[in-house]
**Q** 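Starting off with a structure, shown below.
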Amino acid sequence: MDELMAQRLAKLDQLRAMGIDPYPPRATRTHTAAEVTALVEASDPVQTDTHLAPVDVAGRVVARRDMGKATFVDLLDGTGRIQVLLRQNQLGDVAYEALRLIDLGDFIGVHGEPMRTRTGQPTVGAATWTMLAKALHAPPEKYHGLADMELRQRLRYLDLMANEDTRRNFTVRSRVVSGIRRFLDGRGFMEVETPILQEAAGGAAARPFVTHFNALDEDRFLRISLELHLKRLVVGGFDRVYEMGRIFRNEGLGFKYNPEFTMLETYEAYADYNHVARMVETMVSTVAEEALGTMTCSFRGNEINLAPPWERITFHDALRHYGQLDLDGFPTAERLRPELERRGLEVAPAAGFGKLVDEAMSHYVEPNLIQPTFLLDYPVELSPLAKRKPGSPHLVERFEAFIGGFEAGNAYTELNDPVDQRARFEEQLALRAAGDDEVELVDDDFLFALEHGMPPTGGFGMGIDRLLMVLTGQPTIREVILFPQLRSLKD
RNA sequence: GGGCCCGUAGCUCAGCGGUAGAGCAGUGGACUUUUAAUCCAUUGGUCGUGGGUUCGAAUCCCCCCGGGCCUACCA
């Protein structure tokens with residue numbers, strides 16, 4: 001039925017008949033592909049008879065060019081490609097004939113001298129070869145790679161095998177994540193882990209996933225943010241904490257949405273949102289420089305420069321500037337809604353002032369914030385966990401960071417007044433009663449913690465996946481998540 | 001959830017009422033410095049699934065399955 005697989009299974013049998021284990025438990029490798037290339041580059045660049053000491057390389061067979069009594073094979077390992085040259089007079093007739101049993105996708109090891117070919121290509125001239133692991137399926141097409149989006153996501157290993165860009169994106173992701181940890185650790189932050197299964201999912205306005213804890217016969221919610229637990233730790237006396245971990249929101253899929261995504265949150269006692277802004281622009285630009293070698297990147301047709309300082313503009317000024325909308329003239333939901341409707345914006349009937357303002361901002365301001373920008377001082381209705389701005393009781397000390405036209409981070413001077421916090425939760429409750437089901441829930445346990453005193457604190461949150469979209473220049477979040485959510489396949 | 005588009009060989013794609021095609025991969029052959037190797041020959045298909053229209057369906061219509069883009073809610 002599956003003829004290609006049957007052929008490969010037959011080759012397995014032939015290998016075993018020759019006394020060769022097609023899946024040996026160990027491999028010998030003295031050099032990676034990159035190391036051999038460097039070794040050859042560092043030696044006499046002219047092709048000569050000078051002999052370098054033999055090396056052992058190992059990798060997946062990704063290309064094969066059979067020339068009769070000489071065969072070229074390209075091996076791919078974690079560091080890149082290396083060409084090997086297998087010649088009948090070097091290997092002997094039996095070992096050379098056995099090359100028939102090597103297919104694309106197999107892992108082999110080669111022992112031989114590093115050399116250059118006539119064209120100067122660094123190559124290992126094989127003295128012997130070893131089967132390391134036989135593949136039973138053919139790899140994707142060598143030139144076009146794996147292009148089908150669905151296959152690339154469902155069979156990510158094939159995507160990684162075939163497409164160098166994919167390998168690069170996830171390599172960058174790894175470097176960015178470790179770079180962020182290094183940056184924060186270097187500033188005296190302590191990494192902590194807080195519960196994913198929670199009795200109440202708070203800290204953000206989003207629908208949670210629900211699961212059930214059998215032993216206690218109680219429902220649990222998967223966390224939708226990290227905020228409330230991290231602040232409890234600040235109450236407890238950990239001055240600088242952060243967590244980078246998966247959070248879950250029971251919402252739709254889209255080019256910038258995956259229901260599980262990685263969130264970074266930091267909390268720094270004795271800092272405010274101005275401190276945080278300086279830290280964020282320094283952190284993102286530093287990490288970009290480390291991971292990409294540059295502070296500029298290309299995203300959705302724009303060249304983005306991440307070098308600090310980033311642009312700063314207040315929420316009010318931005319709406320005035322980009323939307324010709326002056327909130328001073330529309331201070332309540334009752335006044336603002338008809339104005340937005342007059343302008344042709346669609347707004348939910350249950351939307352309170354906060355949601356209306358947010359809608360206006362998303363429509364007029366957000367798409368214009370291509371270069372990194374801090375949008376400062378949000379309306380209090382939109383930010384139930386942020387501290388009010390002195391002298392402006394309707395504003396809070398909050399910023400969102402925008403890059404490439406969408407939100408990449410969110411920060412505030414944390415609300416540490418437990419009485420005000422309780423009042424804000426209750427305002428959210430009123431919104432819920434009015435029909436908005438995506439609001440902050442009252443969290444009495446968190447309030448009890450705040451009542452014990454939390455120092456003035458600057459907090460920050462950032463979607464790592466979205467940052468990665470910008471840094472790698474990928475147009476969809478699925479390109480920076482190894483295994484994005486997909487509908488399950490039914491027979 | 002709504003709109004538009006896509007599903008053909010292991011992979012990348014043509015074909016869009018009249019005998020199912022190409023390139024790569026595979027198989028056999030030639031070739032000891034190639035590198036998208038080249039050259040000769042050749043195997044391989046329930047055309048996503050199920051129904052319908054038709055003398056005849058990969059092609060037209062409908063249902064379903066999966067995916068992509070746009071759109072709405074959420075970061």
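For clarity, every value in this text was computed on a predicted model and none was experimentally measured. Values below: all heavy atoms of this structure, side chains included; hydrogens, waters and symmetry mates excluded. Chain naming here is simple, since letters A, B, ... match the order of the sequence lines and numbering starts at 1 in each.
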**Q** May I ask you to say what Leu253(A) touches in the nucleic acid, namely base, sugar-phosphate or nothing, with a heavy-atom cut-off under 4.0 Å?
**A** base
**Q** Watson-Crick or G-U wobble partner for G1(B), using a 3.5 Å limit on both distances?
**A** U71(B)
**Q** With respect to the side chain of Thr117(A), which nucleotide from G66(B), G26(B), U35(B) is positioned closest?
**A** U35(B)
**Q** For Asn258(A), report the nucleic acid contact type (base, sugar-phosphate, nothing); a contact means any heavy atom under 4.0 Å.
**A** base
**Q** Can you check the Met161(A) CE to A25(B) P distance for me, whole Å?
**A** 17 Å
**Q** Quick one: look up who A14(B) pairs with, Watson-Crick or G-U, both distances under 3.5 Å, and put none if it's unpaired.
**A** none
**Q** Check every atom of U32(B), U34(B), C73(B) against the side chain of Ala70(A) and return the nucleotide holding the closest atom.
**A** U32(B)
**Q** Look for any protein N or O under 3.5 Å of an N or O in nucleotides 29-31 of chain B and output each such pair with its distance, or none.
**A**
residue	atom	partner	partner atom	Å
G29(B)	OP2	Arg100(A)	NH2	3.0
C31(B)	N3	Asp66(A)	O	3.4
C31(B)	N3	Gly68(A)	N	3.3
C31(B)	N4	Gly68(A)	N	3.3

**Q** Quick one: is Arg249(A) getting a side-chain N or O under 4.0 Å of the C73(B) phosphate, OP1 or OP2?
**A** no
**Q** So, is Lys256(A) close to the C70(B) phosphate, meaning a side-chain N or O under 4.0 Å from OP1 or OP2?
**A** no
**Q** Report yes or no: do Arg249(A) and Ser225(A) form a side-chain donor-acceptor pair below 3.5 Å?
**A** no
**Q** I'd like a table of donor-acceptor pairs (distance under 3.5 Å, sequence neighbours excluded) in which one partner is a side-chain atom from residues 31-40 of chain A, with atom names and distances.
**A**
residue	atom	partner	partner atom	Å
Thr32(A)	OG1	Glu35(A)	N	3.1
Glu35(A)	OE1	Thr32(A)	N	2.9
Thr37(A)	OG1	Ala33(A)	O	3.0

**Q** Among all residues two or more places apart in sequence or in another chain, which pass the side-chain hydrogen bond (donor to acceptor under 3.5 Å, both in side chains) test with Arg87(A)?
**A** none
**Q** Using OP1 and OP2 only, check whether a side-chain N or O of Lys142(A) sits under 4.0 Å from A37(B).
**A** yes
**Q** Regarding Glu243(A) and Thr194(A), is there a side-chain donor-to-acceptor distance under 3.5 Å anywhere?
**A** yes
**Q** With sequence neighbours excluded, tell me which residues meet salt bridge (Lys or Arg N to Asp or Glu O under 4.0 Å) with Arg300(A).
**A** none
**Q** Between G10(B) and C5(B), how many Å separate the two C1' atoms, rounded to a whole number?
**A** 26 Å
**Q** With sequence neighbours left out, write down each residue that passes ring pair (Phe, Tyr, Trp, His ring centres under 6.0 Å) with Phe170(A), or none if nothing qualifies.
**A** none
**Q** Under 4.0 angstrom, heavy atoms only, what part of the nucleic acid is Glu359(A) near: base, sugar-phosphate, or nothing?
**A** sugar-phosphate
**Q** Spell out yes or no: do the side chain of Arg65(A) and the base of U34(B) have one donor N/O and one acceptor N/O closer than 3.5 Å?
**A** yes
**Q** Any residue in residues 76-97 of chain A with a heavy atom nearer than 4.0 angstrom to RNA chain B? Just list them by number, or reply none.
**A** Gln83(A), Leu85(A), Arg87(A), Asn89(A)
**Q** Between Phe406(A) and Phe299(A), is the ring centroid distance below 6.0 Å?
**A** yes
**Q** Residues in ring pair (Phe, Tyr, Trp, His ring centres under 6.0 Å) with Phe315(A), at least two apart?
**A** Tyr378(A)
**Q** In whole Å, what is the span from the NZ atom of Lys11(A) to the P atom of U27(B)?
**A** 4 Å
**Q** What distance, rounded to whole Å, do you find between the two C1' atoms, one in G50(B) and one in G7(B)?
**A** 16 Å
**Q** Between Thr476(A) and Phe261(A), which is nearer to the 5' end of RNA chain B once each is assigned its nearest nucleotide?
**A** Thr476(A)
**Q** Could you check how far CD of Gln474(A) sits from P of C69(B), rounded to whole Å?
**A** 12 Å
**Q** Can you sort out the partners of Arg175(A) under salt bridge (Lys or Arg N to Asp or Glu O under 4.0 Å), two or more places apart, ordered by chain and number?
**A** none
**Q** Looking at the base of U33(B), is there any donor atom on it, or on the side chain of Thr119(A), that sits under 3.5 Å from an acceptor on the other one?
**A** no
**Q** Got a donor-acceptor pair under 3.5 Å from the side chain of Tyr257(A) to the base of C74(B)?
**A** yes
**Q** When the C1' atoms of G45(B) and G15(B) are compared, how many Å lie between them, rounded to an integer?
**A** 14 Å
**Q** Does the structure show a Watson-Crick or G-U wobble partner for A41(B), both distances under 3.5 Å? Name it, or say none.
**A** U27(B)
**Q** Give one of base, sugar-phosphate or nothing for Glu407(A), where a contact means two heavy atoms less than 4.0 Å apart.
**A** sugar-phosphate
**Q** Who pairs with Glu141(A) by salt bridge (Lys or Arg N to Asp or Glu O under 4.0 Å), at least two apart in sequence or on another chain?
**A** none
**Q** Let's go through His316(A) and Leu395(A) carefully: what are the C-alpha distance in whole Å and the side-chain angles of both, what is the deciding distance for side-chain contact (heavy atoms from CB on, under 4.5 Å) to 0.1 Å, and is it a yes or a no?
**A** CA-CA 10 Å; His316(A) 259 68; Leu395(A) 297 179; 4.2 Å; yes
**Q** Over how many whole Å does the gap from Gln485(A) atom CD to G67(B) atom P extend?
**A** 11 Å
**Q** Quick one: what's the B/S/- string for nucleotides 8-14 of chain B, heavy-atom cutoff under 4.0 Å, read 5' to 3'?
**A** --BBSS-
**Q** Which pairs with one or both residues in residues 468-479 of chain A pass salt bridge (charged side-chain N to carboxylate O under 4.0 Å, His left out), sequence neighbours excluded?
**A** Arg152(A)-Glu479(A)
**Q** Using the C1' atom as the point on both nucleotides, what is the distance between C4(B) and U46(B), in whole Å?
**A** 30 Å
**Q** With rounding to whole Å, what would you report as the distance between U33(B) and A41(B) at their C1' atoms?
**A** 27 Å
**Q** In whole Å, measure the gap between the C1' atoms of C73(B) and A57(B) for me.
**A** 42 Å
**Q** I'd like the C1' distance from U59(B) over to G21(B), given in whole Å.
**A** 15 Å
**Q** Asp159(A) and Thr166(A): side-chain donor and acceptor closer than 3.5 Å?
**A** yes
**Q** Looking only at side-chain atoms of Thr123(A), point me to the closest of C70(B), A25(B), U34(B).
**A** U34(B)
**Q** Could you tell me the separation between the CG atom of Leu99(A) and the P atom of U27(B), rounded to a whole number of Å?
**A** 13 Å
**Q** Is the closest side-chain donor-acceptor distance between Glu414(A) and Tyr412(A) under 3.5 Å?
**A** no
**Q** How would you label the contact of Phe406(A) with the nucleic acid (heavy atoms, under 4.0 Å): base, sugar-phosphate, or nothing?
**A** nothing
**Q** Can you run down the side chain to side chain donor-acceptor pair (under 3.5 Å) pairs that involve residues 121-138 of chain A, sequence neighbours left out, and say none if there aren't any?
**A** Gln83(A)-Thr123(A), Asp103(A)-Lys134(A), Asp106(A)-Lys134(A)
**Q** Rounding to the closest angstrom, what is the interatomic distance between A25(B) and C62(B) at atom P?
**A** 41 Å
**Q** Can you work out whether Gly463(A) or Arg8(A) has the more 5'-proximal nearest nucleotide on RNA chain B?
**A** Arg8(A)
**Q** Counting heavy atoms from C-beta on, name the nucleotide in A25(B), U27(B), C70(B) closest to the side chain of Gln7(A).
**A** U27(B)
**Q** Under 4.0 Å from OP1 or OP2 of C69(B): is there any side-chain N or O of Arg478(A) that close?
**A** yes
**Q** Below 4.0 angstrom from OP1 or OP2 of G68(B), is there any side-chain N or O of Gln153(A)?
**A** yes
